[in-house]
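Below: the structure, in structure tokens.
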Number of protein chains: 2
Amino acid sequence: MDPNPIGFHQHDHSHCVADAVAEADRSCREAGLQLTPVRKRTLEILLEEHRALGAYDVLARLAKDGFGSQPPVAYRALDFLTKHGLAHKIERLNAFIACAHPGDIHTPAFLICTSCNAVAEAETDPSHSLLSQIAETTGFHISKAVLEAEGTCPNCITDAAK
Amino acid sequence: MDPNPIGFHQHDHSHCVADAVAEADRSCREAGLQLTPVRKRTLEILLEEHRALGAYDVLARLAKDGFGSQPPVAYRALDFLTKHGLAHKIERLNAFIACAHPGDIHTPAFLICTSCNAVAEAETDPSHSLLSQIAETTGFHISKAVLEAEGTCPNCITDAAK
DNA sequence: GCCCGAGACGTGATAACATAACACAAATTT
DNA sequence: AAATTTGTGTTATGTTATCACGTCTCGGGC
Ligand SMILES: [Zn+2]
Ligand SMILES: [Zn+2]
Ligand SMILES: [Zn+2]
Ligand SMILES: [Zn+2]
């Protein structure tokens, strides 16, 4: 199992958490949002994995770090992060993942490997999307789209073949 | 609120439940599957609505009809129906809906109206889909796709405008 | 006819996910 | 200073989903 799959490629993970947190810090300050200690720590927890974490997993880690130990603590922090585009909820897994492209306006699509549990976030062009086309022909107005695919990532396909 | 929105159009609902059940009956017999009383009743319950029902809603109705009253009763019937393409789970809602195009091999996409709770199932061309393209470029093998859009249906847009 | 295994259904119990309601503290507004 | 807003913590509860086990039924093999 690949410990560092982002887009299913190996990468240097050592700086990527710190960089993302610094960037989140900056963008929150710019937008007048409070990236408080719990929220920042929650983002770090998500960034430490390139897979989706359940709210209770996050909660356990927060509690271990001295924050509250009750579900609302985690859910509120996760709500903040998802609301402001710093994290996403993977509906299929009832779990959360740090956004791989924060700052950009994007309709994320996720590729979930059922073998190694890695989750990759792909950029999509909203205007070309299937759902947009359907919406256009039916007159439906989309406010939020969920695009998630489950399957096997390239790494796991290779592993299975050997 | 539109009581009969399928694809957000009015339609004659009187025969549509019975027809769908008869078709399911036929296709199960053909495939050697057992469309047992609980399973058939569960399908009817889903067909009676053009919106998604939670497993516990289904369970309550099953219990009222003399079937078991414990969660596995509903979940097993729903698992059977979803596994064999007679129903789908709407991940965003943690709820289930009868398939609008049973028999066809399809990658369903759903349009969920947050105003009237109607859910429309759209046919999609899997090969043209966004996710397929992403998968192709990344080497990811998709086994199941979730395509769900939340927003406002044409009927509710019109209603809001008046 | 009888045994056996697979599949379906029922039960009680429990796990996993999520929110409601309230108290308190700090920062901001009036 | 008082009121308001925002954030964090708590207890309690609600909602969704699965586990483990016993029973029944319907085949096929003997
Ligand atoms: Zn990384
Ligand atoms: Zn994998
Ligand atoms: Zn109908
Ligand atoms: Zn509507």
Side-chain angles (χ1 to χ4, degrees), chain A residues 24-25 28-29 31-43 45-46 51-84 86-97 112 117 146 148 150, chain B residues 24-25 28-29 31-46 51-84 86-97 112 117 146 148:
Chain A
D25 239 332
C28 283
R29 191 158 19 245
L33 301 171
Q34 303 183 44
L35 189 61
T36 61
V38 216
R39 292 169 177 175
K40 182 183 286 194
R41 182 70 193 113
T42 300
L43 179 58
I45 288 166
L46 293 182
R51 62 189 180 94
L53 283 180
Y56 280 69
D57 290 338
V58 171
L59 178 59
R61 299 180 197 204
L62 287 174
K64 208 162 46 178
D65 293 348
F67 295 101
S69 61
Q70 300 305 315
V73 170
Y75 280 103
R76 284 194 290 235
L78 291 167
D79 284 350
F80 172 87
L81 296 175
T82 55
K83 185 173 175 185
H84 297 106
L86 298 169
H88 300 288
K89 180 173 186 182
I90 309 296
E91 298 291 344
R92 191 72 216 285
L93 304 177
N94 294 320
F96 300 84
I97 191 165
I112 306 163
N117 297 311
V146 174
E148 297 171 1
E150 231 178 59
Chain B
D25 240 330
C28 282
R29 190 157 21 244
L33 300 171
Q34 304 182 44
L35 190 61
T36 60
V38 217
R39 292 168 176 175
K40 183 183 286 194
R41 183 69 193 113
T42 301
L43 179 58
E44 285 170 2
I45 288 166
L46 293 181
R51 63 191 179 91
L53 283 181
Y56 280 71
D57 290 339
V58 171
L59 178 59
R61 299 180 198 205
L62 287 173
K64 208 161 47 179
D65 293 348
F67 295 101
S69 61
Q70 301 303 314
V73 171
Y75 280 103
R76 283 194 289 235
L78 291 166
D79 284 350
F80 172 87
L81 296 174
T82 54
K83 185 173 175 183
H84 296 107
L86 297 169
H88 300 287
K89 180 173 186 183
I90 309 296
E91 298 291 344
R92 191 72 216 283
L93 304 176
N94 294 317
F96 300 83
I97 191 164
I112 305 163
N117 297 311
V146 175
E148 298 172 0

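All values reported here derive from a predicted model rather than from experimental measurement. Chain letters run A, B, ... following the sequence lines, proteins first, then strands; residues in each count from 1.
Counting to the nearest Å, the C1' atom of dG14(D) and the CG atom of Asp57(B) are 14 Å from each other. The nearest whole Å value for the distance from the CG atom in Asp79(B) to the P atom in dT16(D) is 16 Å. Separating the CD1 atom of Ile90(B) from the C1' atom of dT16(D) is a distance of 16 Å, rounded to the nearest angstrom. Straight-line distance from the CG atom of Leu35(A) to the C1' atom of dT8(D): 15 Å, rounded to whole Å. Straight-line distance from the CG atom of Leu78(B) to the P atom of dT15(D): 18 Å, rounded to whole Å. When rounded to the nearest whole Å, the span between NE2 of His84(A) and P of dT6(D) equals 11 Å.
The nearest pair of heavy atoms linking Glu91(A) to Arg92(B) is OE2-NE, 2.9 Å. Ile90(B) and Ile112(B) get closest at one heavy-atom pair: CG2-CD1, 3.6 Å. Across all their heavy atoms, Lys89(A) and Thr82(A) have their closest contact at N-CG2, 4.1 Å. Of all heavy-atom pairs between Leu59(A) and Gln70(A), the closest is CD1-O, 3.4 Å. Nearest heavy atom pair, residue Ala52(B) against residue Leu93(B), reads CB-CD1, 4.1 Å. Between Asn117(A) and Arg51(A) the shortest heavy-atom distance is O-CB, 3.1 Å.
Looking at DNA chain D, the stems built from 3 or more consecutive Watson-Crick or G-U wobble pairs, each pair with its key distances under 3.5 Å, are C:1-30 with D:1-30.
Side-chain nitrogen and oxygen atoms of Gln34(A) include at least one within less than 4.0 Å of the OP1 or OP2 phosphate oxygen of dG7(D). OP1 or OP2 of dG7(D) has not a single side-chain nitrogen or oxygen of Lys40(A) nearer than 4.0 Å. For dT16(D), neither phosphate oxygen OP1 nor OP2 lies less than 4.0 angstrom from any side-chain nitrogen or oxygen of Asn94(A).
A donor-acceptor pair is defined here as one N or O able to donate and one able to accept, closer than 3.5 Å; such a pair exists between the side chain of Arg39(B) and the backbone of Gln34(B).
With a 4.5 Å cut-off on side-chain heavy atoms, Arg76(B) and Val38(B) do not count as touching. No side-chain heavy atom of Leu46(B) sits less than 4.5 Å from a side-chain heavy atom of Leu86(B). Annotation: side chain of Phe80(A) is in contact with side chain of Leu35(A) (closest heavy-atom distance under 4.5 Å).
Interatomic distance, CG of Leu62(B) versus OG1 of Thr42(B), reported as 4.0 Å (0.5 Å rounding). Between Asp25(A) atom CG and Leu43(A) atom CG the span is 9.0 Å, to the nearest 0.5 Å.
Listed in residue order, the members of residues 58-75 of chain A having a heavy atom less than 4.0 Å from DNA chain C are Pro71(A), Pro72(A), Tyr75(A).
Annotation: of the two residues near DNA chain C, Leu33(B) and Leu93(A), the 5′-most nearest-nucleotide partner is Leu33(B). The residue among Arg39(B) and Tyr56(B) whose nearest nucleotide of DNA chain C lies closer to the 5′ end is Arg39(B).
Taking every nucleotide of DNA chain C with any atom under 4.0 Å from a non-hydrogen atom of chain A, the first and last of them, 5' to 3', are dC17(C) to dA20(C).
With hydrogens and angles ignored, a donor-acceptor pair under 3.5 angstrom links the side chain of Arg76(A) to the base of dG9(D).
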